[in-house]
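Notes follow the structure.
Numbers restart at 1 for each chain; the letters A, B, ... are given by sequence-line order, proteins then strands.
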There are 2 protein chains.
Amino acid sequence: MESKVMSIGVVCELTGLTERQIRYYEERKLVFPERTKGGNRRYSFEDVESIQEIHRKMQEGFNTFELKELKKKQRCTPIFR
Amino acid sequence: MESKVMSIGVVCELTGLTERQIRYYEERKLVFPERTKGGNRRYSFEDVESIQEIHRKMQEGFNTFELKELKKKQRCTPIFR
DNA sequence: CGTGTAAGGAATTCTGACACG
DNA sequence: CGTGTAAGGAATTCTGACACG
């Protein structure tokens with residue numbers, strides 16, 4: 001599901017992370033929720049997956065910059081899979 | 001997806017219905033969203049499908065009581081399909 | 001760097017009621 | 001019966017900043 005339907009509170013419940021962490025990943029250009037007219041964030045299930053992956057990688061020692069680099073590479077290599 | 005993750009505002013966007021209509025279906029025991037600790041409704045994609053089906057049936061002339069009866073029958077007949 | 005927190009405001013949602021019919 | 005609406009309050013989310021390190 002790629003439709004952006006969840007508020008940040010639901011994402012917190014699903015991931016076990018804090019709002020602060022989730023907003024920070026966005027600040028570092030790792031997640032891209034949509035916004036309501038009022039400015040509230042809306043996430044998809046794919047975003048939730050992505051957020052969990054980010055958190056896992058960070059626990060493994062990666063910082064947000066490195067994760068951004070990782071994403072770039074992933075965007076360029078699917079041809080070779 | 002049966003996880004209850006959407007606020008009523010998102011359901012309005014997805015269905016084109018008003019909050020009033022969606023809450024009324026719940027009042028008539030046709031939809032069963034979960035609640036946050038604070039009391040806010042949370043709907044699943046299945047709920048959205050259900051709500052759209054309810055609205056279609058009502059446009060065909062059914063009232064909420066008849067739809068409740070229909071649901072009962074549907075719960076008893078899947079054996080025969 | 002990544003995250004916690006208090007601050008103040010704004011968007012979102014809630015309930016119960018009155019209205020029409 | 002099904003839906004609109006104004007009312008008042010409460011839950012949720014937002015941003016920018018200070019803090020620690």
Side-chain angles (χ1 to χ4, degrees), chain A residues 3-72, chain B residues 3-72:
Chain A
S3 41
K4 309 269 189 176
V5 297
M6 283 176 272
S7 65
I8 195 165
V10 175
V11 179
C12 289
E13 287 177 18
L14 294 179
T15 62
L17 303 179
T18 65
E19 296 186 8
R20 186 68 166 94
Q21 291 173 299
I22 296 167
R23 292 201 192 100
Y24 182 66
Y25 300 165
E26 179 181 1
E27 186 181 323
R28 301 315 309 271
K29 312 286 184 188
L30 291 171
V31 195
F32 306 93
E34 286 183 354
R35 298 279 185 150
T36 64
K37 315 95 203 168
N40 284 21
R41 274 166 265 251
R42 288 289 177 260
Y43 298 87
S44 67
F45 279 98
E46 285 185 358
D47 290 331
V48 172
E49 295 285 329
S50 172
I51 288 166
Q52 286 173 325
E53 175 69 16
I54 291 164
H55 183 62
R56 265 195 305 272
K57 290 291 184 189
M58 288 183 63
Q59 282 185 317
E60 290 174 18
F62 295 97
N63 64 33
T64 53
F65 180 75
E66 292 166 333
L67 290 180
K68 224 175 310 178
E69 294 302 302
L70 260 179
K71 279 211 167 189
K72 278 186 193 172
Chain B
S3 42
K4 308 270 189 174
V5 297
M6 283 176 273
S7 64
I8 196 166
V10 175
V11 179
C12 288
E13 287 176 18
L14 294 179
T15 62
L17 303 179
T18 64
E19 295 185 7
R20 186 68 166 97
Q21 290 173 300
I22 295 167
R23 292 200 192 100
Y24 183 66
Y25 299 165
E26 180 181 1
E27 186 181 322
R28 301 314 308 271
K29 313 286 185 189
L30 291 170
V31 195
F32 307 93
E34 285 183 356
R35 296 280 184 152
T36 65
K37 315 95 203 167
N40 284 19
R41 275 166 266 248
R42 288 288 178 262
Y43 299 88
S44 66
F45 279 98
E46 284 184 0
D47 290 331
V48 172
E49 295 286 329
S50 172
I51 288 167
Q52 286 173 325
E53 175 69 15
I54 291 164
H55 183 63
R56 265 195 305 270
K57 289 292 184 189
M58 288 183 63
Q59 283 185 317
E60 290 173 17
F62 294 96
N63 64 33
T64 54
F65 179 75
E66 291 166 334
L67 290 180
K68 225 175 310 178
E69 294 302 302
L70 260 179
K71 278 210 169 189
K72 280 186 196 174

Between [N] ([atom2]) and [X] ([atom1]): distance, integer Å:
| X | N | atom1 | atom2 | value |
| --- | --- | --- | --- | --- |
| B/Lys68 | D/dG2 | NZ | C1' | 13 Å |
| A/Leu67 | C/dG2 | CG | C1' | 12 Å |
| B/Glu66 | D/dG2 | CD | C1' | 13 Å |
| A/Leu17 | C/dG2 | CG | P | 14 Å |
| B/Glu26 | D/dG2 | CD | P | 16 Å |

Would you please name every residue forming a side chain to side chain contact (heavy atoms under 4.5 Å, CB included) with [X], sequence neighbours left out?
| X | value |
| --- | --- |
| B/Thr64 | B/Tyr24, B/Arg28, B/Leu30, B/Met58 |
| B/Phe62 | B/Lys57, B/Glu60, B/Glu66, B/Leu67, B/Leu70 |
| A/Ser3 | A/Met1, A/Val5, B/Phe45 |
| B/Ser44 | B/Lys4, B/Glu46, B/Asp47 |

Fill in the blank from the handout: Side-chain atoms of B/Arg35 come closest, of C/dT15, D/dT13, C/dT13, to C/dT15

Problem - B/Ser7 side chain near C/dT12 phosphate (N/O to OP1/OP2, under 4.0 Å) - result: no

Quick one: list whatever passes side-chain hydrogen bond (donor to acceptor under 3.5 Å, both in side chains) with [X], sequence neighbours left out.
| X | value |
| --- | --- |
| A/Arg23 | A/Glu19 |
| A/Thr18 | A/Gln21 |
| B/Glu34 | none |
| B/Gln52 | none |

Exercise for the section: Please check if atom CZ in B/Phe32 has more than 12 non-hydrogen atoms from other residues, nucleotides or ligands closer than 6.0 Å. Expected result: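 Correct, the count exceeds 12.
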
Practice task
Check the surroundings of atom NZ in B/Lys29: do more than 12 heavy atoms from other residues, nucleotides or ligands lie under 6.0 Å from it?
Solution key: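 Not more than 12 within 6.0 Å, no.
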
Practice task
List in numerical order all residues of residues 38-51 of chain A for which some heavy atom is under 4.0 Å away from an atom belonging to DNA chain C.
Solution key: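 Within this stretch, A/Gly38, A/Asn40 sit under 4.0 Å of the strand.
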
Completion exercise
Sequence neighbours excluded, the answer for salt bridge (charged side-chain N to carboxylate O under 4.0 Å, His left out) partners of A/Glu26 is A/Arg35, A/Arg41

Handout entry: Closest-nucleotide 5' rank along DNA chain C - winner of B/Gly9 and A/Phe65
Key = A/Phe65

Handout entry: Ranges pairing with ranges for DNA chain D, where each run has three or more Watson-Crick or G-U pairs under 3.5 Å
Key = C:2-5 with D:17-20, C:17-20 with D:2-5

Practice task
For B/Arg28, report the nucleic acid contact type (base, sugar-phosphate, nothing); a contact means any heavy atom under 4.0 Å.
Solution key: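 Sugar-phosphate, backbone atoms only, no base.
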
Give me the distances for all protein-to-nucleotides 3-5 of chain D N/O pairs that come in under 3.5 Å?
from  : atom 1 : to      : atom 2 : distance (Å)
D/dT3 : OP1    : B/Gln21 : NE2    : 3.1
D/dT3 : O4     : B/Arg20 : NH2    : 2.9
D/dG4 : OP2    : B/Thr18 : OG1    : 2.8
D/dG4 : N7     : B/Arg20 : NE     : 3.2
D/dG4 : O6     : B/Arg20 : NH2    : 3.0
D/dT5 : O4     : B/Arg20 : NE     : 3.3

